[in-house]
Student: 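Have a look at this one.
In listed order, ligands and their atoms are each counted from 1.
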Amino acid sequence: MEAASKHDASAQGSQFSKGLLQSQELHQYILETSVYPREPEPLKEIRAASDSHPWSCMVSAPDGGQLMALLLKLINAKKTIEIGVFTGYSLLLTALTIPEDGKVTAIDTDRDAYNIGLPIVRKAGVDHKIEFIESPALPVLDKMTEDPKNEGSFDFAFVDADKDNYINYHERLLKLVRVGGLILYDNTLWGGTVAYPDSLVPDTYEFPKIYTSKVKAFNKFLAADPRIQMSQVPVGDGVTVCRRL
Ligand code: SAH
Ligand code: CA
């Protein structure tokens, strides 16, 4: 196999990323054949600009992003919400995909990280579609659910922040996202660690083991939730796609 370039997801991922597909080569094949050739230039730029950040591994996986763009188009998403922006990869992807009069409300506690991607978002000419809110997400969502006109007003939500709050985000988003709208949860396979016996869960920088049980509990919760149709897709680090019933 050719040496992985600096911007390849496999080079950024840990040894556990291959657990999802059981083959690093297969994952690489998918990326090189179907994902990288179609990845919009500004998204490649965000990935490169994030490289020097100590948490650059948090940038969304390009294969998961490609799926997300497809889903956004399929449901004609116009009004969306994002929880967990970091340097803005998934946010820029969303802003590039929704129509000219679309709007994405993006929430993150870390404005400094977003400032890394912001010049690229501006250069791409889509910053007018974005409202960035610097705050923990839960109080913002609570405030939004208090206003009846927000109820069912969103077409799409992408959740990619603190994993221990996913269940709380889910309850709020089921009020904010319309019936037939989508909620996507990222990192639901947590580096493949969800399949490890409890006593053998590895503890890594990228996938701290304290979150493995939280992610597992969330996966179990979603699987039993009659309010959604769902599919857990082994793309990136696991993306669970939920459609509100
Ligand atoms: N979607 C991003 C990656 C997000 S990484 C991308 O495509 O690159 C996770 C982000 O969640 C971090 O930027 C972190 O600041 C943010 N975060 C963590 N806890 C949060 C909280 N309680 N509320 C809002 N954002 C939070
Ligand atoms: Ca993520």
Student: So which protein heavy atom does atom 7 (O) of ligand 1 come closest to, and at what separation?
Tutor: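 Nearest neighbour among protein heavy atoms for atom 7 (O) of ligand 1, to 0.1 Å: S60 OG, 2.6 Å.
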
Student: So, does I83 sit close enough to ligand 1 that a heavy atom of it is under 4.0 Å from the ligand?
Tutor: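 Flag not set, I83 not near ligand 1.
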
Student: In terms of atom number and element, which parts of ligand 1 are under 4.0 angstrom from non-hydrogen atoms of F86?
Tutor: 2 (C), 3 (C), 4 (C), 5 (S), 13 (O)

Student: List every atom of ligand 1 that sits less than 4.0 Å from any heavy atom of D110, numbering the atoms from 1 in the order shown and giving each element.
Tutor: 15 (O)

Student: Taking the side chain from D162 and the backbone from D164, do they hold a donor-acceptor pair closer than 3.5 Å?
Tutor: no

Student: Mind checking whether the Ca ion (ligand 2) has an N, O or S of S90 under 3.0 Å?
Tutor: no

Student: Just jot down the ligand 1 atoms closer than 4.0 angstrom to any heavy atom of P136, in number order.
Tutor: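 Counting atoms of ligand 1 from 1, those under 4.0 Å from P136 are 23 (N).
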
Student: Need the ligand 1 atom indices (1-based, order shown) with element for anything under 4.0 Å from a heavy-atom of S135.
Tutor: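 Those atoms are 23 (N), 24 (C).
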
Student: What residue and atom, counting heavy atoms only, is the protein's closest point to atom 3 (C) of ligand 1, and at what distance?
Tutor: D160 OD2, 3.2 Å

Student: Are any side-chain N or O atoms of D108 and backbone N or O atoms of V85, one a donor and one an acceptor, separated by less than 3.5 Å?
Tutor: yes

Student: Can you tell me the protein heavy atom closest to atom 17 (N) of ligand 1 and the distance?
Tutor: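 Checked against all protein heavy atoms, atom 17 (N) of ligand 1 sits closest to A161 CB, 3.8 Å.
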
Student: Under 3.5 Å between any N/O of F158 and any N/O of ligand 1: does that happen in this structure?
Tutor: no

Student: Could you check, using the six-membered ring where one of them is a Trp, whether Y166 and Y185 have ring centers closer than 6.0 angstrom?
Tutor: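 Yes: the rings meet the under 6.0 Å criterion.
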
Student: Where the side chain of W190 meets the backbone of P208, is there a donor-acceptor pair that is under 3.5 Å apart?
Tutor: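 Here the side-chain-to-backbone pair exists.
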
Student: Give the name of the N/O/S atom in D186 that lies closest to the Ca ion (ligand 2).
Tutor: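 Output for this pair reads OD2.
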
Student: Check each of I133, D108, L138, L93 against atom 10 (C) of ligand 1 and report the one with the nearest heavy atom.
Tutor: D108

Student: What's the shortest distance from atom 21 (C) of ligand 1 to any protein heavy atom, and which residue and atom give it?
Tutor: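 Protein heavy atom at minimum distance: D162 OD1, 3.5 Å.
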
Student: From the Ca ion (ligand 2) out to just under 3.0 Å, does an N/O/S atom of D160 turn up?
Tutor: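 Of the N, O and S atoms in D160, at least one lies under 3.0 Å from the Ca ion (ligand 2), which means yes.
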
Student: Under 4.0 Å from a heavy atom of V59: give me the atoms of ligand 1 that qualify, with their elements.
Tutor: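 Listed by number with element, the hits are 8 (O).
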
Student: Using a 3.5 Å distance criterion without hydrogens, assess whether the side chain of R47 forms a donor-acceptor pair with backbone atoms of A61.
Tutor: no

Student: Has the side chain of D237 got a donor or acceptor atom that lies under 3.5 Å from a matching backbone atom of G191?
Tutor: yes

Student: Give the atoms of ligand 1, by number and element, whose distance to some non-hydrogen atom of M58 is under 4.0 Å.
Tutor: 3 (C), 5 (S), 8 (O), 12 (C)

Student: Are L173 and V104 connected into the same hydrophobic cluster when the rule is that any two of I, L, V, M, F, W, Y join if their side-chain heavy atoms are below 4.5 Å apart?
Tutor: no

Student: Among all protein heavy atoms in this structure, tell me which lies nearest to atom 23 (N) of ligand 1, with the distance rounded to 0.1 Å.
Tutor: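 Nearest protein contact, heavy atoms only, for atom 23 (N) of ligand 1 is A137 N, 3.0 Å.
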
Student: With no hydrogens and no angle check, is any side-chain donor or acceptor of D186 less than 3.5 Å from a backbone partner on V239?
Tutor: no

Student: Give the numbers and elements of all ligand 1 atoms closer than 4.0 Å to a heavy atom of Y169.
Tutor: 21 (C), 22 (N), 23 (N)

Student: Linking I/L/V/M/F/W/Y whenever any side-chain heavy atoms sit under 4.5 Å apart, do I83 and L184 land together?
Tutor: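 Each belongs to a different hydrophobic cluster.
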
Student: Would you check the N or O atoms of N165, main chain and side chain alike, for any that come under 3.5 Å of an N or O of ligand 1?
Tutor: no

Student: When you measure from the centre of the six-membered ring of F154, is the NZ or CZ of K79 closer than 6.0 Å and no more than 45° off the axis?
Tutor: yes

Student: Is it true that a side-chain atom of K175 and a backbone atom of N150 form a donor plus acceptor pair closer than 3.5 Å?
Tutor: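 No; zero donor-acceptor contacts below 3.5 Å.
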
Student: Which atoms of ligand 1 sit under 4.0 Å from any heavy atom of V85?
Tutor: 2 (C), 6 (C), 8 (O)

Student: Rounded to the nearest 0.5 Å, what's the gap from CG on L182 to CE on M230? Could you check?
Tutor: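 The distance works out to 13.0 Å.
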
